[in-house]
Amino acid sequence: MTTATATTTTTKSRLLPAWVLKLIGFSSLASALIGFVIYWFKKYPSRRRITREPTNESTDGWKKKARKNKNKKKITVSLKNTVLWNPSPDVDTPMYGFQEKSIQTLTRLSYLYDLYIIVQVNSDEEKGNIQQLLENASSVDGLLFDSVDKRKILYCSEEEGKIHIVRHIEPFIHVEGGWEKDDGEEIVSKLKPFVSKIIWIMAKRRLDLVTPMKNIELSDLLIETSIAQEVKD
């Protein structure tokens, strides 16, 4: 009986090459190790912290306020000299930039108010340049265009056109800064009877020369106004 068993084992060994037998042995060992590792991680899960992409908690907060605020009051903002700044004395060759933190303020105002942006332009070329600036405008709260309704960015070529737009919208607040050749005094005067509150942005040197008026707030910077304080961090 012993002789027969030994003969059978020898026959099987001859049927399978030695390297195959070794491979089977290594595979079994590898399978055992993998099984042990899986068992270990299931029994003792990793305590490493899961990292997430950083989020702007401030922005999320303003967006939540926007969702809660269903009945937003209308606000119109005349862009020049309030948000847009042009240091060039030549109206035909403007070099526009944004006032400090003005885009952030504008973005956050859009969360709390029904925001309309009005731009008085001198040419179609200028309109195209300003449109491009607005499309690329961003702050820590993201792109301005992601929060503002593009249909509510309105253009005009004359002061009378701006006055007509504001009166048609009937905002609760209007922010005025004039344009390159004027600080908006006539516009403020004509809108005063029809708008509950006007925020008039003007050069600092003029602030002391203008008599305070009812329902008109004076400031030299948008970020120093009462509405900017509403959306301040």
Side-chain angles (χ1 to χ4, degrees), residues 58-59 62 66 72-89 91 94-123 125-157 159 161-163 165-166 169 171-185 187-188 191 195 197-204 206-207 216-233:
S58 178
T59 302
W62 290 115
K72 296 180 180 180
K73 292 180 179 179
K74 292 179 182 178
I75 182 172
T76 50
V77 178
S78 179
L79 213 66
K80 287 187 175 180
N81 298 336
T82 59
V83 175
L84 275 182
W85 175 61
N86 177 24
S88 173
V91 177
M95 297 183 296
Y96 288 116
F98 294 112
Q99 297 277 12
E100 181 187 0
K101 293 185 178 180
S102 59
I103 292 300
Q104 180 180 344
T105 301
L106 207 59
T107 301
R108 292 183 178 182
L109 285 173
S110 71
Y111 298 146
L112 299 184
Y113 292 91
D114 184 9
L115 174 65
Y116 291 78
I117 296 173
I118 304 173
V119 192
Q120 183 178 339
V121 295
N122 302 304
S123 66
E125 182 181 2
E126 182 186 33
K127 177 182 175 181
N129 292 336
I130 292 176
Q131 280 180 325
Q132 190 65 45
L133 270 176
L134 290 175
E135 286 175 9
N136 296 326
S138 64
S139 67
V140 294
D141 295 319
L143 284 171
L144 174 67
F145 258 36
D146 288 343
S147 58
V148 175
D149 188 340
K150 288 75 176 172
R151 297 169 298 179
K152 295 180 180 181
I153 300 178
L154 310 170
Y155 294 86
C156 61
S157 58
E159 289 186 349
K162 187 194 295 185
I163 293 169
I165 290 171
V166 174
I169 294 171
F172 177 71
I173 300 173
H174 174 67
V175 181
E176 183 58 51
W179 60 300
E180 288 88 349
K181 292 185 177 181
D182 187 80
D183 63 5
E185 184 174 2
I187 295 172
V188 170
L191 288 177
V195 182
K197 182 176 183 177
I198 296 176
I199 298 176
W200 186 9
I201 309 295
M202 63 179 67
K204 196 167 187 177
R206 275 214 65 192
L207 281 177
I216 295 180
E217 178 183 339
L218 305 176
S219 180
D220 63 321
L221 291 171
L222 179 64
I223 59 172
E224 299 295 335
T225 62
S226 58
I227 55 172
Q229 299 307 308
E230 290 181 42
V231 295
K232 191 176 180 181
D233 287 327

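Just so it is clear, the values below take in all heavy atoms, side chains as well, and ignore hydrogens, waters and symmetry mates.
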Problem - Exam field: side chain Trp85 to backbone Met95, donor-acceptor pair closer than 3.5 Å - result: no
Practice task
Answer yes or no: is there a side-chain heavy-atom contact under 4.5 Å between Tyr155 and Gln131?
Solution key: yes
Practice task
Flag the pair Glu185 / Arg206 as yes when at least one side-chain heavy-atom distance between them is below 4.5 Å, and no otherwise.
Solution key: yes
Practice task
Take Phe98 and Leu133 through the side chain to side chain contact (heavy atoms under 4.5 Å, CB included) test and state the conclusion after the steps.
Solution key: CA-CA 9 Å; Phe98 294 112; Leu133 270 176; 4.1 Å; yes
Handout entry: Atom pair CG (Leu79) and OH (Tyr96), whose distance is rounded to the nearest 0.5 Å
Key = 9.5 Å
Handout entry: Test item: Thr107 and Thr105 side chains (from C-beta on) under 4.5 Å apart, heavy atoms
Key = no
Practice task
Would you check if the side chain of Asp114 reaches a backbone N or O of Lys72 as a donor-acceptor pair within less than 3.5 Å?
Solution key: no
Exercise for the section: Mind listing the closest non-hydrogen atom pair of Ile201 and Asn81 along with its distance? Expected result: CG2-O, 3.5 Å
Problem - Asp220 side-chain N/O to Ala203 backbone N/O, donor-acceptor pair under 3.5 Å - result: no
Handout entry: Within-4.5 Å side-chain heavy-atom neighbours: Glu230 and Tyr113
Key = yes
Handout entry: side-chain contact (heavy atoms from CB on, under 4.5 Å) partners for Leu221, two or more places apart
Key = Gln99, Ile223, Glu224
Handout entry: Val166 and Ile118, any side-chain heavy atoms less than 4.5 Å apart
Key = yes
Handout entry: Residue pair Ile187 / Glu159: nearest heavy atoms and the distance that separates them
Key = CD1-CG, 3.9 Å
Fill in the blank from the handout: Applying side chain to side chain donor-acceptor pair (under 3.5 Å) to Ser102 and not counting sequence neighbours gives none
Handout entry: Partners meeting salt bridge (Lys or Arg N to Asp or Glu O under 4.0 Å) with Asp149 (sequence neighbours left out)
Key = Arg151
Practice task
Could you walk me through whether Ile173 and Ile227 pass side chain to side chain contact (heavy atoms under 4.5 Å, CB included), step by step?
Solution key: CA-CA 9 Å; Ile173 300 173; Ile227 55 172; 3.8 Å; yes
Exercise for the section: Using the ring of Phe172 (Phe, Tyr or Trp, six-membered ring only), decide whether Lys73 places NZ or CZ under 6.0 Å from its centre and within 45 degrees of its axis. Expected result: yes
Handout entry: Heavy-atom donor-acceptor pair, Glu126 side chain to Asn122 backbone, under 3.5 Å
Key = yes
Exercise for the section: Search all heavy atoms of Leu222 against all heavy atoms of Thr225 and return the closest pair with its distance. Expected result: O-OG1, 2.6 Å
Handout entry: Check: Lys80 and Asn86 side chains under 4.5 Å, non-hydrogen atoms
Key = no
Practice task
Identify, with sequence neighbours excluded, every residue that meets side-chain contact (heavy atoms from CB on, under 4.5 Å) alongside Leu115.
Solution key: Ile75, Val77, Leu106, Ser110, Ile117, Val148
Exercise for the section: Apply side-chain contact (heavy atoms from CB on, under 4.5 Å) to Leu154 and list each qualifying residue two or more places apart in sequence or on a separate chain. Expected result: Tyr116, Ile165, Ile169
Exercise for the section: Check whether any side-chain heavy atom of His174 lies under 4.5 Å from a side-chain heavy atom of Ile199, and answer yes or no. Expected result: no
Practice task
To the nearest 0.5 Å, tell me how far Trp200 CH2 sits from Leu218 CG.
Solution key: 7.0 Å
Handout entry: For the student: nearest non-hydrogen atoms of Ser78 and Gly178, plus distance
Key = OG-O, 4.3 Å
Exercise for the section: Answer whether the closest heavy-atom distance between the side chains of Lys232 and Arg108 falls below 4.5 Å. Expected result: no
Practice task
Might you confirm whether atom NZ of Lys101 has over 12 heavy atoms from other residues, nucleotides or ligands at distances under 6.0 Å?
Solution key: no
Exercise for the section: Look only at the side chain of Glu217 and the backbone of Ser226, and say whether a donor-acceptor pair between them is shorter than 3.5 Å. Expected result: yes
Problem - Ile130, Leu134, Asn136, Asn129 screened by side-chain contact (heavy atoms from CB on, under 4.5 Å) with Gln132, the one that passes - result: Asn136
Practice task
Measure the CD-CD1 distance between Glu176 and Ile163 for me, rounded to the nearest 0.5 Å.
Solution key: 8.5 Å
Exercise for the section: With sequence neighbours excluded, tell me which residues meet salt bridge (Lys or Arg N to Asp or Glu O under 4.0 Å) with Glu125. Expected result: none
Exercise for the section: Give a yes or no on this: more than 12 heavy atoms of other residues, nucleotides or ligands lie within 6.0 Å of atom NZ of Lys181. Expected result: no
